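Residue numbers count from 1 along this sequence. All figures in this text were calculated on a predicted structure; none of them were measured in a lab.
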Amino acid sequence: MRPAHIALAVLVAAAWGVNFTVIEVGLDHFPPLLFCALRFLVAALPAVFFVGPPKVAWRWVLGVGLALGVAKFGLLFIGMHEGMPAGLSSLVLQIQAVFTALFAAVFLAERPTRVRLLGMGVALAGIAVAAADEGTSGPLLGFVLVIAAAAFWGVSNVLTRKAAPPDALAFMVWVSLVPVLPLLGLSLMFEGADPDLQALARIDWAGAGTIVYVAWVTTVFGFGVWGFLLRTYDASAVAPFSLLVPVFGMSSAALVLGEGISPARWLAAALLVGGVALTSLPAARWRGARGQRALRASLGQRDASGPGLPLGRSLRPRRRAAAADAPGPERAAPAAPEPAGTSASRTPSTASRPSPHG
């Protein structure tokens, strides 16, 4: 990835990490589904009137809007409302990298290597440790809801990559418009009209500030940049930067909310972060002439094909042609067979082999 894109990914990770603390504060002011609906309403309006159309099929806008807005964030907000700590939520949610790799293998043909499969197992072991710790110290329901939210985040990652929107910001603004009515309907159905109206009637600067942060910083900016990165690079190359989210999330939760971290939670964090890191390692791939020339250069070999020949063509025909034009006995004398692996004509075929890390 380019350095500027790496910096953007780190900045998004910081914004998302602090976001969990902001959500915790916002849940003291609003019911979870209403809070989620307000988040996307403010993210979509009035921005939707100033950006162009998403320039992708509407099915992708609806799919990402439902998977990301309704399912992922709805489940996350409810899980945290049920008692899931902000810092632990920022950690557990990063299992989305495993779900992303699994869904990408099925729908994007990004086959996981053995190292990635090992990483998935390690990350799942971390989730098991965190679940055991949370089961003895907090409500297990909130933990399960956050895991489900991570799965839907993986779905939205793959859908975003399939959509490949040319304008990630416009795409995210239109996506933000999709979950507003479904979330409001679910809020009225399960949270009730009276709690919603009371929360809106007593809104203060702190409550309004949480809405602005989760709407404009983490939704429009964060997912706009994230969608751009997913469109530019493989999903498995972008996912590793989510490892920084719990660093900012747990730190901000400890500083602002005073959340402690138990030894079991440290162990879970080590397993989960390490497993996700293995899961997200990009495989080395060499595609096209540039990849073959780079591999040949790294092996100290000369590009014998020359600028006028496609890589992979043998030089033997050119040698024979030169011999045929030569005067005297050398013209009739056939070339002696060369041992395999020693001729320059083997260089292109050797370079065309896939990298052992692929």
Side-chain angles (χ1 to χ4, degrees), residues 4-5 7-27 29-30 32-56 58 60-74 76-77 90 93 96 149 152-153 155-157 159-161 163-184 203 205-233 238 241-242 244-245 248-249 252:
H5 294 165
L8 282 175
V10 173
L11 185 59
V12 170
W16 283 348
V18 176
N19 182 56
F20 290 89
T21 298
V22 176
I23 292 173
E24 189 74 36
V25 175
L27 289 173
H29 295 78
F30 308 99
L33 291 175
L34 175 63
F35 186 24
C36 198
L38 293 173
R39 169 199 188 129
F40 287 104
L41 178 64
V42 174
L45 298 177
V48 73
F49 298 110
F50 297 97
V51 299
K55 297 181 182 180
V56 298
W58 286 104
W60 300 121
V61 177
L62 293 174
V64 176
L66 293 174
L68 182 68
V70 178
K72 186 257 184 176
F73 277 106
L76 173 64
F77 280 38
S90 71
L93 196 64
Q96 61 87 17
F152 279 103
W153 192 1
V155 172
S156 70
N157 282 342
L159 290 177
T160 301
R161 180 150 175 81
D167 188 339
L169 178 59
F171 178 72
M172 193 60 224
V173 170
W174 284 96
V175 163
S176 298
L177 194 61
V178 173
V180 175
L181 291 180
L183 286 170
L184 286 176
I203 189 171
W205 286 107
T210 61
I211 294 175
V212 170
Y213 185 92
V214 299
W216 291 349
V217 177
T218 66
T219 303
V220 176
F221 170 77
F223 280 97
V225 172
W226 195 255
F228 163 76
L229 294 174
L230 286 171
R231 178 172 59 88
T232 307
Y233 304 97
V238 178
F241 290 95
S242 66
L244 298 176
V245 173
F248 294 104
S252 62

Next item on the list: List the atom of Val70, the atom of Pro179, and the distance in Å for their closest heavy-atom pair.
Entry: CG2-CB, 3.5 Å
Item checked: Phe152 side, atom CZ; Leu68 side, atom CG - distance, nearest 0.5 Å -> 11.5 Å
Item checked: For Pro166, all residues meeting side chain to side chain contact (heavy atoms under 4.5 Å, CB included), sequence neighbours excluded -> Lys55, Val56
Next item on the list: Look at atom OH of Tyr213 and say whether more than 12 heavy atoms of other residues, nucleotides or ligands are closer to it than 6.0 Å.
Entry: yes
Note to self: Quick one, Phe20 and Leu76 - any side-chain contact, counting heavy atoms below 4.5 Å?
What the structure shows: yes
Check: About how many Å separate CD1 of Ile211 and CD1 of Ile203, when rounded to the nearest 0.5 Å?
Finding: 4.5 Å
Notebook entry, point to check: So, do Trp226 and Thr160 sit near enough that their side-chain heavy atoms are less than 4.5 Å apart?
Noted result: no
Margin query: Contact between Thr210 and Ile23 at the side-chain level, heavy atoms closer than 4.5 Å - yes or no?
Written below: no
Item checked: Considering all heavy atoms, the nearest Gly69-Cys36 contact -> O-SG, 3.8 Å
Note to self: Give me each pair satisfying side chain to side chain donor-acceptor pair (under 3.5 Å) with a member in residues 35-47, each pair once, sequence neighbours excluded.
What the structure shows: Arg39-Thr218, Arg39-Thr219
Margin query: If you compare all heavy atoms of Val238 against all heavy atoms of Leu229, which two are closest, and at what distance to 0.1 Å?
Written below: CG2-O, 3.5 Å
Item checked: Closest non-hydrogen atom pair between Ala170 and Pro53, with its separation -> CB-O, 4.3 Å
Notebook entry, point to check: Pick one: which of Leu159, Val178, Asn157 meets side chain to side chain contact (heavy atoms under 4.5 Å, CB included) with Val64?
Noted result: Leu159
Next item on the list: Report the residue from Trp216, Phe73, Trp174 that forms a ring pair (Phe, Tyr, Trp, His ring centres under 6.0 Å) with Phe40.
Entry: Phe73
Notebook entry, point to check: How far apart are the closest heavy atoms of Ala37 and Leu184, and which atoms are they?
Noted result: CB-CD2, 3.7 Å
Checklist line | Which atom of Thr21 lies closest to which atom of Gly249, heavy atoms considered | finding: OG1-O, 4.2 Å
Checklist line | Spacing of CH2 belonging to Trp60 relative to OG belonging to Ser156, to within rounding of 0.5 Å | finding: 12.5 Å
Margin query: Working to the nearest 0.5 angstrom, can you tell me the gap between Glu24 CD and Ser90 OG?
Written below: 11.0 Å
Check: Do the non-hydrogen side-chain atoms of Leu93 and Lys72 ever get within less than 4.5 Å of each other?
Finding: yes
Notebook entry, point to check: What is the ring orientation for Phe77 with Phe35, classed by angle as parallel under 30°, tilted 30 to 60°, or perpendicular over 60°?
Noted result: tilted
Check: Atom CE of Met172 and atom CG of Leu177: how far apart are they, to the nearest 0.5 Å?
Finding: 11.0 Å
Note to self: Check the orientation of Phe228 and His5. Use parallel for under 30°, tilted for 30 to 60°, and perpendicular for over 60°.
What the structure shows: perpendicular
Note to self: How long is the straight-line distance from CG of Leu244 back to CG of Leu11, given to the nearest 0.5 Å?
What the structure shows: 11.5 Å
